[in-house]
Chemist: 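Mind looking over this structure? Questions follow.
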Amino acid sequence: MIAFVSGPVAALAPDAAVVEVGGIGMAVQCTPNTLSGLRVGQQARLATSLVVREDSLTLYGFADDDERQTFELLQTASGVGPRLAQAMLAVHTPDALRRAFASADEKALTAVPGIGKKGAQKLLLELKDRLGEPVGSVTAAVSTAAAGWRDQLHAALVGLGYAAREADEAVTAVAPQAEAVAAEGGTPQVGQLLRAALQTLNRAR
């Protein structure tokens with residue numbers, strides 16, 4: 001098993017990064033949140049999970065070991081493959097997922113693309129005791145995310161190769177979406193906003 005990759009970032013895409021390891025470019029599938037912390041040419045260390053299929057070998061990358069462990073635990077539920085597990089981590093942090101399962105929060109799970117009401121109920125039954133208890137501070141996490149989404153999103157877009165002007169326009173375009181979430185007492189999720197911003201930029205090109 002490849003536990004982690006470490007080296008300079010050679011390239012970034014909306015759903016993956018290429019990290020140079022010993023002269024070899026390792027393609028690593030990552031969530032938008034993880035990608036937002038990477039920059040082409042800078043050193044990176046990603047915890048990884050190798051998913052083996054009959055016709056493919058896919059390496060998934062994470063900001064830390066907690067994300068990687070959560071990714072693997074999510075797949076112990078029937079019907080949850082690596083793509084859905086990664087989508088769950090794109091929408092929620094590991095601690096947010098632990099809180100969702102600990103409090104049987106269906107709404108949090110149905111916020112993930114591909115999970116409906118029945119699917120959420122099934123997952124809550126299967127994974128309730130597997131992810132463990134939340135370990136972080138809810139208040140601190142919410143306030144940090146609420147305050148920093150603009151900077152994080154802008155940095156992620158520039159890291160993906162967009163000009164600062166394009167990044168500014170995309171941030172402005174998705175601001176109403178983020179502000180609506182904040183107005184309801186929620187926390188703007190950088191991963192969701194990045195996907196919306198990329199759609200805006202693709203339409204503009």
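Computed from a prediction, not measured in an experiment: that's the story for all the values here.
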Chemist: Find out if a path of hydrophobic residues (ILVMFWY) with successive side-chain heavy-atom gaps under 4.5 Å connects V181 to L97.
Modeler: no
Chemist: If you take all heavy atoms of P32 and R195, which pair is closest and at what distance?
Modeler: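 So the two residues come closest at CG-NH1, 4.1 Å.
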Chemist: Hey, is E72 close enough to R130 for a salt bridge, meaning N to O under 4.0 Å?
Modeler: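 No, E72 and R130 are not salt-bridged.
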Chemist: Taking a hydrophobic cluster as the set of Ile, Leu, Val, Met, Phe, Trp and Tyr residues connected by side-chain heavy atoms closer than 4.5 Å, whether directly or through intermediates, do V18 and I24 fall within one such cluster?
Modeler: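 No, separate clusters.
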Chemist: Say whether F62 and V80 are linked into one hydrophobic cluster, either directly or through other cluster members, by side-chain heavy-atom distances under 4.5 angstrom.
Modeler: yes
Chemist: Does some side-chain heavy atom of H92 sit less than 4.5 Å from a side-chain heavy atom of T70?
Modeler: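 Not touching, per the 4.5 Å side-chain cut-off.
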Chemist: Of the non-hydrogen atoms in T200 and A173, which two are nearest, and what is the gap between them?
Modeler: CG2-CB, 3.9 Å
Chemist: With no hydrogens and no angle check, is any side-chain donor or acceptor of T48 less than 3.5 Å from a backbone partner on I2?
Modeler: yes
Chemist: Got Y60 and T34 here, is their nearest side-chain heavy-atom distance under 4.5 Å?
Modeler: no
Chemist: Can you get from L74 to V52 by hopping between Ile, Leu, Val, Met, Phe, Trp and Tyr side chains that sit under 4.5 Å apart?
Modeler: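 Shared cluster, no.
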Chemist: Side-chain contact test, heavy atoms from C-beta onward, threshold under 4.5 Å: evaluate it for Q192 versus V174 and give yes or no.
Modeler: no
Chemist: Count the heavy atoms belonging to other residues, nucleotides or ligands that lie under 6.0 Å from CD of Q75, then report whether that count exceeds 12.
Modeler: yes
Chemist: Hey, does the side chain of E67 reach the backbone of A63 with a donor-acceptor pair shorter than 3.5 angstrom?
Modeler: yes
Chemist: Can you tell me how far OG1 of T93 sits from CG of N33, rounded to the nearest 0.5 angstrom?
Modeler: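 Those atoms lie 8.5 Å apart.
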Chemist: Can you give me the closest heavy-atom contact between L198 and P14, atom names plus distance?
Modeler: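 Closest heavy-atom pair between L198 and P14: CD1-CB, 3.7 Å.
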Chemist: Taking the side chain as every heavy atom from C-beta outward, state whether L73 and L127 have any pair of such atoms under 4.5 Å apart.
Modeler: no
Chemist: Is the side chain of K122 donor-acceptor paired with the backbone N or O of S78 at a distance under 3.5 Å, no angle test?
Modeler: yes
Chemist: Could you walk me through whether L157 and E166 pass the side chain to side chain contact (heavy atoms under 4.5 Å, CB included) check?
Modeler: CA-CA 8 Å; L157 291 167; E166 291 177 304; over 6 Å; no
Chemist: For the side chain of R39 and the backbone of S36, is there at least one donor-acceptor N/O pair under 3.5 Å apart?
Modeler: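 Answer holds: yes.
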Chemist: Over all heavy atoms of both residues, which pair between A27 and L59 is shortest? Give the atoms and the distance, please.
Modeler: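 Closest pair (atom of A27, atom of L59, distance): O-CB, 3.8 Å.
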Chemist: Quick one: do V51 and Q86 satisfy side chain to side chain contact (heavy atoms under 4.5 Å, CB included)? Show the steps, please.
Modeler: CA-CA 12 Å; V51 176; Q86 189 180 51; over 6 Å; no
Chemist: Any side-chain heavy atom of L109 within less than 4.5 Å of one from M88?
Modeler: yes
Chemist: For a 4.5 angstrom cut-off between non-hydrogen side-chain atoms, does R83 reach Q29?
Modeler: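 Side-chain contact under 4.5 Å: yes.
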Chemist: According to a hydrophobic-cluster definition based on side-chain heavy atoms being under 4.5 Å apart (Ile, Leu, Val, Met, Phe, Trp, Tyr only), do L124 and I115 belong together?
Modeler: yes
Chemist: Hey, what do you get for NZ (K128) to OG (S103), rounding to the nearest 0.5 Å?
Modeler: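 Separation between the atoms: 8.0 Å.
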Chemist: List the steps and the verdict of side chain to side chain contact (heavy atoms under 4.5 Å, CB included) for R98 and L131.
Modeler: CA-CA 6 Å; R98 285 190 281 265; L131 297 188; 3.9 Å; yes
Chemist: To check you understand the geometry: which heavy-atom pair defines the closest contact between R68 and A3, and what is its length?
Modeler: NH1-O, 2.8 Å
Chemist: Between F4 and V19, is any pair of side-chain heavy atoms under 4.5 Å apart?
Modeler: no
Chemist: One pair to check against side chain to side chain contact (heavy atoms under 4.5 Å, CB included): D105 and R99. What are the steps and the verdict?
Modeler: CA-CA 8 Å; D105 188 350; R99 287 195 296 273; over 6 Å; no
Chemist: Assess the residue pair D168 and R165 against the criterion (salt bridge (Lys or Arg N to Asp or Glu O under 4.0 Å)); give the C-alpha distance rounded to whole Å, side-chain angles, the decisive distance to 0.1 Å, and a yes or no.
Modeler: CA-CA 5 Å; D168 288 336; R165 177 185 57 78; over 6 Å; no
Chemist: Determine the minimum heavy-atom distance between A90 and T31, stating which atoms define it.
Modeler: N-CG2, 3.9 Å
Chemist: Would you call L46 and L38 a side-chain contact if the rule is heavy atoms closer than 4.5 Å?
Modeler: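 Counting from C-beta outward, L46 and L38 do come under 4.5 Å.
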